Colleague: 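Provided herewith is a single structure, encoded as structure tokens, for subsequent inquiry.
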Amino acid sequence: MIVVMKAGASEKQINTVVKRVELDGFATRLVQGTERTIVCVLGDGRPKEGRIYEVLDGVEKTTRVLRPFKLTSREMQPMDSTVPLNGVQVGEPEIAIIAGPCSVESREQLLETAHAVKEAGAIALRGGAFKPRSSPYSFQGMGEEGLKILAEAREQTGLPIVTEVMAPELVPLVGEYADVLQIGARNMQNYDLLKAVGKSECSVLLKRGLMSTIEELLMSAEYILSGGNKNVMLCERGIRTFEKYTRNTTDINAIPVLKDLTHIPVILDPSHGVGKWAYVAAVARAGIAAGADGLIVEVHPHPEEALSDGAQSLKPEKFAELVQQVRAIAASIGRN
Ligand code: PEP
Ligand code: MN
């Protein structure tokens, strides 16, 4: 349930509502709108009848939130939330482009890529140091050494770092180096990990699971928000279907559906979504036209030598072309 305060309700009136709700055994979260404050009532079981709060001073109305995700839903927070990243507010109307290699492979490889993507217009650098690989014999990432290289790249370019964390106990270590913690598709329902990043100071990029519904993605985001971390971005990265010509099937539908259901920014990963570099730009353009708030794109200066995901990595020149195309599409739909 949400308790909508009247426009101009005083702090004292808001506090009285919060205390009353908490006395009834529920947790509260405040959502500050431009005109009014909303008190979100959270907890197990069914909240009390709204009428008992409607008699309090300064309350305009109460409304039940029927969806299973609460803090994540537009019912609770009608206005778009934004996540700060390198001076840009990701979400309406800004579009953010994050780029970099799938994995950090060496200092030279990462620094070369970091400078190239910055030059092309990326606002953040991606790169995995801890890699979730299908085979235990595949390159598993450089671990902390990779994180140190990412930190050096940030120092040189000023680009914030987006990097994956795979286990709850690694959140403090990865969080020391990262600006944005990526939760990979395979870990979307690792609830202990979601709780751990919910307590982190870093922003979070939550990727949709390979076989997950939109509702499951939103329930996972709910774990992070309910832990207290408001800086969450969702990432559509393709789902598994019967189609074999592409690695995954980019669910373009998910973009407008998510924008309707939630206030959280939505980022598209066309690289994993399609899995072949030749199609990445087309899918990326479609995602921006469909309303995505940003892209995360794999870029490698020598894709044929990449230790992971070379087949879907753009060379820096191709990435630079894509950024120009995205600028044109963004402008045509009234975004920056
Ligand atoms: C990645 O970003 O390199 C990655 C492993 O992504 P996903 O979790 O979406 O497969
Ligand atoms: Mn990858």
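Computed from a prediction, not measured in an experiment: that's the story for all the values here. Both counts, for ligands and for their atoms, begin at 1 and track the order of listing.
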Colleague: What is the name of the N/O/S atom of D309 that is nearest to the Mn ion (ligand 2)?
Modeller: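 Restricting D309 to its N, O and S atoms, the minimum distance to the Mn ion (ligand 2) goes to OD2.
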
Colleague: Can you confirm whether the side chains of H302 and Q109 place a donor and an acceptor under 3.5 Å from each other?
Modeller: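 No, no side-chain donor-acceptor contact under 3.5 Å.
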
Colleague: Compute the shortest N/O to N/O distance between A185 and ligand 1 and return yes if it is under 3.5 Å, no if not.
Modeller: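 In this structure, A185 places an N or O atom under 3.5 Å from an N or O of ligand 1.
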
Colleague: Would you give the length of the straight line joining atom OG1 of T213 to atom CG of D251, rounded to the nearest 0.5 angstrom?
Modeller: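 T213 atom OG1 to D251 atom CG measures 10.5 Å (nearest 0.5 Å).
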
Colleague: Show which atoms of ligand 1 fall inside a sub-4.0 Å distance from at least one heavy-atom site of R186.
Modeller: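 Near R186, meaning under 4.0 Å from one of its heavy atoms, ligand 1 has 7 (P), 8 (O), 10 (O).
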
Colleague: Can you tell me which N/O/S atom of E298 has the shortest distance to the Mn ion (ligand 2)?
Modeller: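 For E298, the N/O/S atom sitting closest to the Mn ion (ligand 2) is OE2.
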
Colleague: Heavy-atom contact under 4.0 Å between C102 and ligand 1?
Modeller: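 Yes.
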
Colleague: Do the side-chain N and O atoms of E298 and S271 include a donor-acceptor pair separated by under 3.5 angstrom?
Modeller: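 Their side chains do not contain a donor-acceptor pair, so the 3.5 Å distance test is not met.
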
Colleague: Tell me yes or no: between the side chains of D309 and H272, is some donor less than 3.5 Å from an acceptor?
Modeller: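 Yes, side-chain donor-acceptor contact under 3.5 Å.
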
Colleague: Could you list which atoms of ligand 1 come closer than 4.0 Å to a heavy atom of E298?
Modeller: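 What qualifies from ligand 1 is 1 (C), 3 (O).
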
Colleague: Write out the residue and atom name of the closest protein heavy atom to atom 6 (O) of ligand 1, then the distance separating them to 0.1 Å.
Modeller: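 That would be K207 NZ, 2.9 Å.
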
Colleague: Should R67 and E75 be marked as a salt bridge (charged side-chain N to carboxylate O under 4.0 Å, His left out) after you check the CA-CA gap, both sets of side-chain angles, and the distance that decides it?
Modeller: CA-CA 9 Å; R67 300 199 190 278; E75 290 168 278; 3.7 Å; yes

Colleague: Does some side-chain heavy atom of M5 sit less than 4.5 Å from a side-chain heavy atom of V17?
Modeller: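 Side-chain contact under 4.5 Å: yes.
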
Colleague: So, regarding R237 and ligand 1 (criterion: nitrogen or oxygen to nitrogen or oxygen, under 3.5 Å), is there a contact or not?
Modeller: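 Indeed, backbone or side chain, R237 has an N or O that close.
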
Colleague: Does the residue R126 have a heavy-atom contact with ligand 1, meaning some pair of atoms that are separated by less than 4.0 Å?
Modeller: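 Heavy atoms of R126 do come under 4.0 Å of ligand 1.
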
Colleague: Consider every N or O of H272 and every N or O of ligand 1, then say whether any pair is closer than 3.5 Å.
Modeller: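 By distance alone, the answer is yes.
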
Colleague: State whether E222 and K70 are salt-bridged, where the test is any N-O pair (Lys NZ or Arg NE/NH1/NH2 against Asp/Glu carboxylate O) under 4.0 Å.
Modeller: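 No, no charged N to carboxylate O under 4.0 Å.
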
Colleague: Show me which atoms of ligand 1 lie under 4.0 Å from any heavy atom of G184.
Modeller: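 Per the distance check, 8 (O).
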
Colleague: May I ask you to check whether R133 and Q140 show a side-chain donor-acceptor distance below 3.5 Å?
Modeller: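 Distance-only check fails for R133 and Q140.
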
